[in-house]
Amino acid sequence: MTQSTQGTPVTYRDGSYIVPDDPIIPFIEGDGTGRDIWRASQKAFDAAVAKASGGTRRVVWLEVLAGEKAFKEAGSWLPEATLETLTKYRVAIKGPLTTPVGAGIRSLNVALRQLLDLYACVRPVRWFEGVPAPVKRPQDLNVVIFRENTEDVYAGIEYAATSKEAARLREILVSDFKAKLREQSAIGIKPMSEFGSKRLVARAIQYALDKRKPSVTLVHKGNIMKFTEGAFRDWGYQAARERFGGRTITEAELAGGDPGDRVVVKDRIADSVFQQLLLRPREYSVLATPNLNGDYLSDACAAQVGGLGIAPGANIGDGYAIFEATHGTAPKYADLDKINPGGVILSGVMMFEHLGWEDVAELIVRGFEGAIRSRRVTYDLARQTEGATEVSTSAFADQIVECMG
């Protein structure tokens with residue numbers, strides 16, 4: 001892995017990024033279809049940067065290794081050199097990585113989030129005109145989900161059913177705390193802290209204020225898990241009061257009145273939100289959730305507007321961020337130049353917005369919207385769109401570039 005000397009690192013000072021005209025941005029190509037997707041995405045990114053700046057700006061892309069490619073070339077699924085590079089350059093983008101089920105390495109995505117303290121998983125979900133959708137009015141759904149990224153069951157504290165650790169923990173819970181647990185139970189622990197919950201909710205509220213969104217909804221299952229998810233709800237309201245004062249108002253305080261320029265903070269039970277986002281999606285704009293709820297909810301929302309193939313995402317901390325598509329590696333389509341690159345391309349939109357290059361982000365969105373309208377799309381969209389022409393991954397990227405204007 002060769003470190004680039006051709007560009008300038010992004011730096012971070014007093015809560016803001018300082019972005020040069022030639023930023024070095026690391027990328028992880030990804031496993032499976034990641035190779036095809038990255039080539040298409042980089043083509044779209046470079047074209048948008050050049051067009052928006054008239055050639056005065058450019059991104060210096062720096063490949064770092066993770067996943068199957070890293071294991072084959074460096075003997076490690078997540079090399080130390082990769083972590084050092086991501087730490088040095090602060091902002092990166094990645095394709096999908098393999099996550100074995102049941103045994104073996106833990107999720108590389110989860111590992112990266114925890115190691116860099118990328119505590120907010122941010123997933124905007126909106127519909128693009130012309131994308132096939134299973135609901136009648138997909139245009140009514142336009143939400144941004146802030147999912148806590150480091151706690152909850154994803155903290156990885158769990159023990160196999162027949163392990164001595166599970167047996168010992170069960171013994172303590174039964175004898176000391178009078179818990180009712182069957183013998184030989186697998187046991188997982190669900191930690192949720194005031195610190196972690198408040199900083200996630202605060203980031204969601206700040207986003208709503210910056211983007212002039214009307215509300216932030218705290219999504220939880222506090223009616224059942226009162227001391228974890230119920231606490232998330234309570235800490236969320238506290239964060240709104242303590243950190244934003246008169247810039248927010250609770251739904252109860254509003255009592256049907258006019259919030260003015262204040263963000264309305266409200267809460268909903270998780271299972272209720274699933275059906276309300278189908279029936280009354282326009283009532284929601286920003287959602288703040290614990291880890292597991294947010295994982296389910298973001299995928300369910302994406303299904304309403306075209307699926308995970310075009311669902312972007314970001315993992316953001318204080319001074320660090322990794323942008324990634326939310327879909328998997330789809331290995332059966334690897335190297336066939338067939339898969340939709342939209343998830344990574346739209347994650348790039350989020351990245352450029354995060355860096356303050358809104359003009360680049362707007363061009364990519366314009367190109368993506370134009371490509372969809374042209375009906376020259378990859379197989380996943382073509383098979384559901386009347387009159388569409390199926391094109392390859394690389395040809396779809398060319399269409400996006402052509403439609404930038």
Side-chain angles (χ1 to χ4, degrees), residues 12 14-17 110 112-124 143-157 189-254 259 261-270 272-273 284-298 313-322 350 354:
Y12 186 77
D14 298 328
S16 299
Y17 289 101
V110 173
L112 287 170
R113 294 166 191 168
Q114 292 178 342
L115 288 167
L116 296 173
D117 197 24
L118 306 176
Y119 60 85
C121 179
V122 184
R123 293 187 178 178
V143 298
V144 181
I145 298 170
F146 281 74
R147 165 191 167 199
E148 203 290 319
N149 229 358
T150 63
E151 300 185 326
D152 202 347
V153 293
Y154 284 74
I157 306 170
I189 297 176
K190 177 187 177 78
M192 295 174 67
S193 71
E194 179 177 0
F195 172 80
S197 299
K198 281 186 172 180
R199 68 175 178 174
L200 181 280
V201 173
R203 183 173 281 275
I205 293 173
Q206 188 62 60
Y207 176 90
L209 288 165
D210 292 343
K211 301 294 184 179
R212 299 184 181 278
K213 300 288 186 178
S215 68
V216 172
T217 303
L218 309 173
V219 180
H220 62 92
K221 193 63 178 169
N223 57 329
I224 303 299
M225 291 169 276
K226 300 181 186 302
F227 303 120
T228 51
E229 306 228 356
F232 176 86
R233 168 194 180 274
D234 295 341
W235 289 327
Y237 280 120
Q238 289 174 19
R241 289 193 304 269
E242 294 166 357
R243 300 187 59 169
F244 299 96
R247 303 176 72 191
T248 65
I249 185 170
T250 68
E251 187 176 48
E253 293 169 335
L254 184 62
D261 59 358
R262 292 172 294 182
V263 169
V264 177
V265 180
K266 54 189 177 181
D267 74 275
R268 296 290 186 271
I269 301 298
S272 174
V273 164
Y284 299 93
S285 54
V286 178
L287 301 110
T289 81
N291 207 331
L292 184 59
N293 289 339
D295 197 1
Y296 294 152
L297 195 60
S298 56
N315 298 288
I316 299 174
D318 295 326
Y320 298 96
I322 297 178
M350 296 179 69
H354 193 66

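Position 1 is the first residue of the sequence; numbering continues from there.
- Atoms CZ and OG1, from F146 and T217 in turn, are 12.5 Å apart once rounded to the nearest 0.5 Å.
- To the nearest 0.5 Å, the span separating OG on S215 from CG on L287 amounts to 7.5 Å.
- The heavy-atom pair separating M350 from A314 by the smallest distance is CE-CB, 3.6 Å.
- Residues L118 and I316 fail the side-chain proximity criterion, which asks for heavy atoms closer than 4.5 Å.
- Legend: residues meeting salt bridge (charged side-chain N to carboxylate O under 4.0 Å, His left out) with R262, ordered by chain and number and at least two apart, are absent.
- The closest side-chain heavy-atom distance from N149 to N315 is below 4.5 Å.
- Between K221 and N223, some side-chain heavy-atom pair lies under the 4.5 Å cut-off.
- Pairing each heavy atom of V219 with each of A270, the nearest pair is CG1-CA, 3.7 Å.
- Put simply, CD1 on I269 and CZ on R233 are 8.0 Å apart, with the number rounded to the nearest 0.5 Å.
- For the atom pair CG of L115 and OG1 of T150, the computed distance is 12.0 Å after rounding to the nearest 0.5 Å.
- Under the side chain to side chain donor-acceptor pair (under 3.5 Å) criterion, Y17 pairs with H354, sequence neighbours left out.
- How far CG of L297 is from OG1 of T289: 6.5 Å, rounded to the nearest 0.5 Å.
- Across all non-hydrogen atoms, the minimal contact from P290 to D152 is CB-OD2, 3.8 Å.
- Between the side chain of Y237 and the backbone N or O of D267 there is at least one donor-acceptor pair closer than 3.5 Å.
- Contact between S285 and K213 at its shortest, heavy atoms only, is OG-CB, 4.0 Å.
- The line from CD1 of I249 to CG of D261 is 11.0 Å long, rounded to the nearest 0.5 Å.
- Applying the side chain to side chain donor-acceptor pair (under 3.5 Å) criterion to T228, with sequence neighbours excluded, gives no partner residue.
- Side-chain atoms of E229 and N293, non-hydrogen and from C-beta on, do get closer than 4.5 Å to each other.
- The closest side-chain heavy-atom distance from M225 to K190 is below 4.5 Å.
- Using a 4.5 Å heavy-atom cutoff, the side chains of Y154 and D295 are in contact.
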Please tabulate, for the side chains in residues 196-208, all donor-acceptor contacts under 3.5 angstrom to protein atoms that are two or more places apart in sequence or on a different chain.
residue : atom : partner : partner atom : Å
S197    : OG   : S193    : O            : 2.8
K198    : NZ   : E194    : OE2          : 2.7
K198    : NZ   : Q238    : OE1          : 3.3
K198    : NZ   : E242    : OE1          : 3.0
K198    : NZ   : E242    : OE2          : 3.4
R199    : NH1  : D117    : OD2          : 2.9
R199    : NH2  : D117    : OD1          : 2.7
R203    : NE   : Y119    : OH           : 3.3
R203    : NH2  : Y119    : OH           : 3.3
R203    : NH2  : G317    : O            : 3.2
R203    : NH2  : D318    : OD1          : 3.3
Q206    : NE2  : D210    : OD1          : 2.9

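- In this view, R147 and N291 satisfy the side chain to side chain donor-acceptor pair (under 3.5 Å) rule, not counting sequence neighbours.
- Applying the salt bridge (charged side-chain N to carboxylate O under 4.0 Å, His left out) test to E253 and every residue at least two apart in sequence or in another chain returns nothing.
- Annotation: side chain of K266 is not in contact with side chain of T250 (no heavy-atom distance under 4.5 Å).
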From CA spacing to verdict: side-chain contact (heavy atoms from CB on, under 4.5 Å), E251, V265
CA-CA 6 Å; E251 187 176 48; V265 180; over 6 Å; no
